[in-house]
Colleague: 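Mind having a look at this structure? Questions to follow.
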Amino acid sequence: MNNKFYITTPLYYVNAAPHIGHSYTCIAADCLSRYYRNLGHKVHFLTGTDEHGQKIQRAAEAQGLEPKVFADKAVSVFKGLWETLNISYDDFIRTTESRHEKAVQKVLEILYKKGELYEHVYQGWYCTPCETFWSESQIQAGNCPDCKRPVEKIEEKNYFFKLSKYQDWLIDHIKSHQDFIFPPSRREEVLRFLELNKLSDLCISRPKERLSWGIPLPFSPNHVTYVWFDALINYISAVGSFDKNDKYQSEWWPADLHLIGKDILRQHAVYWPIMLKALDIQPPKTIFAHGWWMIDSSKMSKSRGNVVNPIEMVDKFGVDVYRYFLLRDVPFGMDGNFSEDAIIKRQNGDLANDLGNLVYRTLTMIEKYFQGEITNVEINLKNKQAKEIEEKINALDSMIKTNMGEKDYNFSLALEPIWELINLANKYIEDTKPWNLAKENKTGELKEFIAVLVKVIRKTADAIYPFMPFTSEAIKQQVGKDNISKGKPLFPRIE
RNA sequence: CGCGGGGUGGAGCAGACUGGUAGCUCGUCAGGCUCAUAACCUGAAGGUCGGACGUUCAAAUCGUCCCCCCGCAACCA
């Protein structure tokens, strides 16, 4: 089982429609999943939805729906999007499924038995209209920071998880596992946070009278589970179970990669490993926090009204162009600027001019000079460029691999050598001047030359598969193993 | 001094750890070619690397200080 690859996305919170940020994580996870499947790894790609908590309860009430019905609707929207985006997940988990709820309750039971949870009367400030609890430091002159109305001091009995107990362990773990948190800047951020702050224990329950939409605590029916504590457990509830001795059994765990957005790094890099530690379960191997897509250099948010709907982008540009843009335009981990102009640049430049046109011009030559027949050609070309191309083809896989998890996860860099190969081929055509070879009737040389191009195109089709599955297939249909038949241009230019 | 990230030709970025002719993509301009989706190829212009001081034979790169931009600052995602 050492070539298994268990990869996850966060569970998306169903209180709002999916935006490009959600699609980004899934596309990245899909790309890696396809890549590792092609390498012959056993891949398990998990995604899903987070459906409990106050925001859902309220959003559902606002529509006059039961929370579960509300969530069902949201789930179908997410699933529909993943289908459109060609996301090849192996499992989709919902936090309202019984397999998950049972696991959460089991976890709570185990931790309770082990003394990792304790009761504590909590004091704080409550804003009744907002139904929100605020800490001493959050309230502003006795008022709710949200609605500015007065808050009242209340006492509440809750259950707390002993996060603080494991702080030193976590610091050690991060220090001794270089690849635990990626990219390195995020690793530093978490480490600095842990070194400079004392963790306080995590309140993992909510009284039912305040919030009913959640998983009940098995040892206290008047409380439900705090949503993050509930949601994180999905990563193990989906792929295993606890045996009689409370030992977790799974063929997939530990996860090889948790892909997340930078906004939920703390939950994943602090709460989650400590929860696992307390359960005596191994931590995940790698947590990768990617950046955000900015719209006109500002944060995408509902209040700004600048949220981009992925479906609209797909309708406009097509799935593969959209996927390519997200994976290519920004080094994975950094924030990026999203704009239609930027997508158009990628489509016209990289896809239409470089890749699409290479395929098209090559196929035209095959039709024009060889009536579409170019089989069993032995390549004996000794010129420098043909050799250079040959070397590039041979080195390509390992160059891609480096940035697909071997040293780093960087889709942008993984794609670069593919385009270097494409550009090399375009230059080769220019320098060889095949139209002259045709005029001079140097048929043999011309044939070998075109065979080199065909080889480049086939290699490219294989290499881009994880990033643009449809395009990879479309190229193979035109320049397949046995058949060569020119089709329409792969990517029309957008003027 | 709360923490972290960043300020490099018109735009977006790399380089900074291990100082030594500032690189890439797009855009602009000029030329070449015709197999090709006005695509492709070649060449050129354009930067005192946020500011100041310092270390050094030499600093985008190291040190100190300052300015500006962006996140985060913990329990309800």
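Only a predicted model underlies this, so the values are computations on that prediction, with no experimental measurement involved. Residue numbers start from 1 in every chain, and the chains themselves are labelled A, B, ... in the order their sequence lines are given, proteins ahead of strands.
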Colleague: Within the 4.0 Å heavy-atom criterion, would you say A:Pro434 contacts the bases, only the backbone, or no part of the nucleic acid?
Modeller: nothing
Colleague: Can you measure A:Asn436 atom CG to B:C33 atom P for me and round it to whole angstrom units?
Modeller: 11 Å
Colleague: With a 4.0 Å cut-off on heavy atoms, is A:Asp354 in touch with a base, just the backbone sugar-phosphate, or nothing at all?
Modeller: sugar-phosphate
Colleague: Is it the case that the base of B:A36 and the side chain of A:Asn357 share a donor-acceptor contact (distance under 3.5 Å, atom types as modelled)?
Modeller: yes
Colleague: Report the base-pairing partner of B:A52 (Watson-Crick or G-U wobble, both distances below 3.5 angstrom), or none.
Modeller: B:U64
Colleague: Quick check against the 3.5 Å criterion: does A:Ser237 have a side-chain atom that pairs as donor or acceptor with the backbone of A:His100?
Modeller: no
Colleague: Quick one: is B:A39 close enough that its OP1 or OP2 comes under 4.0 Å of any side-chain N or O from A:Arg361?
Modeller: no
Colleague: What is the separation between atom CG on A:Leu351 and atom P on B:U25, rounded to the nearest whole Å?
Modeller: 16 Å
Colleague: When you check every protein heavy atom under 4.0 Å of nucleotides 1-10 of chain B, what one-letter string (B, S, -) results, 5' to 3'?
Modeller: --SS------
Colleague: Please report the distance, rounded to the nearest Å, between CD in A:Gln385 and P in B:C41.
Modeller: 12 Å
Colleague: Are A:Phe411 and A:Phe332 close enough that their ring centres sit under 6.0 Å apart?
Modeller: yes
Colleague: Can you confirm if the aromatic rings of A:His290 and A:Tyr24 lie within a centre distance of less than 6.0 Å?
Modeller: yes
Colleague: Heavy atoms only, 4.0 Å cut-off, all strands: where does A:Asp50 land among base, sugar-phosphate and nothing?
Modeller: nothing
Colleague: Base, sugar-phosphate, or nothing for A:Leu363, non-hydrogen atoms under 4.0 angstrom?
Modeller: nothing
Colleague: For B:G43, what is the paired nucleotide under Watson-Crick or G-U wobble rules, both distances under 3.5 Å?
Modeller: B:C29
Colleague: For B:C33 versus B:U48, give the span between their P atoms, rounded off to a whole number of Å.
Modeller: 37 Å
Colleague: Using the C1' atom on both, measure B:C66 against B:C24 and round to a whole Å.
Modeller: 32 Å
Colleague: Using purine N1 to pyrimidine N3 plus N6-O4 or O6-N4 for Watson-Crick, or N1-O2 and O6-N3 for G-U wobble, both under 3.5 Å, which nucleotide pairs with B:G71?
Modeller: B:C3
Colleague: Taking only the side-chain heavy atoms of A:Asn353 (C-beta and beyond), determine which of B:A39, B:G71, B:C35 contains the nearest atom.
Modeller: B:A39
Colleague: Distance check needed: B:A36 C1' versus A:Lys368 NZ, whole Å only.
Modeller: 9 Å
Colleague: For nucleotides B:G50 and B:C17, find the distance between their P atoms and express it as a whole number of Å.
Modeller: 16 Å
Colleague: For B:G5 and B:G43, measure between their C1' atoms and round to the nearest Å.
Modeller: 39 Å
Colleague: Is a donor on one side and an acceptor on the other found under 3.5 Å between the side chain of A:Gln167 and the backbone of A:Leu199?
Modeller: yes
Colleague: Need one value for A:Leu202: base, sugar-phosphate or nothing, where a base atom within 4.0 Å counts as base even if backbone is also close, heavy atoms only.
Modeller: nothing
Colleague: Rounded to whole Å, how long is the line connecting atom CG of A:Leu415 with atom C1' of B:U25?
Modeller: 14 Å
Colleague: For a quick check of understanding: with a heavy-atom distance under 4.0 Å over all strands, which category does A:Lys486 fall into, base, sugar-phosphate or nothing?
Modeller: nothing
Colleague: Among the candidates B:C41, B:U37, B:A36, find the nucleotide nearest to the side-chain atoms of A:Thr364.
Modeller: B:A36
Colleague: Starting at CD of A:Glu416 and ending at P of B:U25, how long is that distance when rounded to a whole Å?
Modeller: 9 Å
Colleague: Of the listed nucleotides (B:U37, B:G71, B:A74), which one gets closest to any side-chain atom of A:Leu490?
Modeller: B:U37
Colleague: Taking B:U64 as the reference, what is the distance to B:A44 when you measure between their P atoms (whole Å, please)?
Modeller: 41 Å
Colleague: Would you indicate what A:Tyr226 reaches in the nucleic acid, counting non-hydrogen atoms under 4.0 angstrom: base, sugar-phosphate, or nothing?
Modeller: sugar-phosphate
Colleague: How close or far is atom P of B:A39 from atom CG of A:Asn348, stated in whole angstroms?
Modeller: 8 Å
Colleague: Which part of the nucleic acid, if any, lies within contact of A:Leu199, taking any heavy atom under 4.0 Å across all strands shown: a base, the sugar-phosphate backbone alone, or nothing?
Modeller: base
Colleague: When rounded to the nearest Å, what value does the distance between C1' atoms of B:C67 and B:G51 take?
Modeller: 7 Å
Colleague: Centroid separation under 6.0 Å, is that true for the rings of A:His22 and A:Phe78?
Modeller: yes
Colleague: When the C1' atoms of B:A11 and B:A52 are compared, how many Å lie between them, rounded to an integer?
Modeller: 29 Å
Colleague: Could you tell me the separation between the CG atom of A:Asn410 and the P atom of B:C13, rounded to a whole number of Å?
Modeller: 14 Å
Colleague: Atom CG in A:Asp50, atom CG in A:Asp230: separation rounded to 0.5 Å?
Modeller: 6.5 Å
Colleague: Considering every strand and a 4.0 Å limit on heavy-atom distances, what is the contact class for A:Thr362: base, sugar-phosphate, or nothing?
Modeller: nothing
Colleague: Are A:Phe325 and A:Phe317 close enough that their ring centers fall under 6.0 Å?
Modeller: no
Colleague: Look at all strands and tell whether A:Leu11 reaches a base, only sugar-phosphate, or nothing, counting heavy atoms closer than 4.0 Å.
Modeller: nothing
Colleague: Do the side chains of A:Arg94 and A:Asp72 get close enough for a salt bridge, i.e. N-O under 4.0 angstrom?
Modeller: yes
Colleague: Name the nucleic acid region contacted by A:Gly356, choosing base, sugar-phosphate or nothing; use a 4.0 angstrom heavy-atom cut-off, strictly under.
Modeller: base
Colleague: For A:Asp201, does its backbone N or O pair with a side-chain atom of A:Ser164 as donor and acceptor, under 3.5 Å?
Modeller: no
Colleague: Nearest-nucleotide wise, let me know which of A:Lys433 and A:Met334 is further upstream toward the 5' end of RNA chain B.
Modeller: A:Met334
Colleague: Sticking with atom C1', work out how far B:G6 lies from B:A45, rounded to a whole angstrom.
Modeller: 29 Å
Colleague: Check whether A:His19 reaches the backbone of A:Gly21 with its side chain - one donor and one acceptor, N or O, closer than 3.5 Å.
Modeller: yes
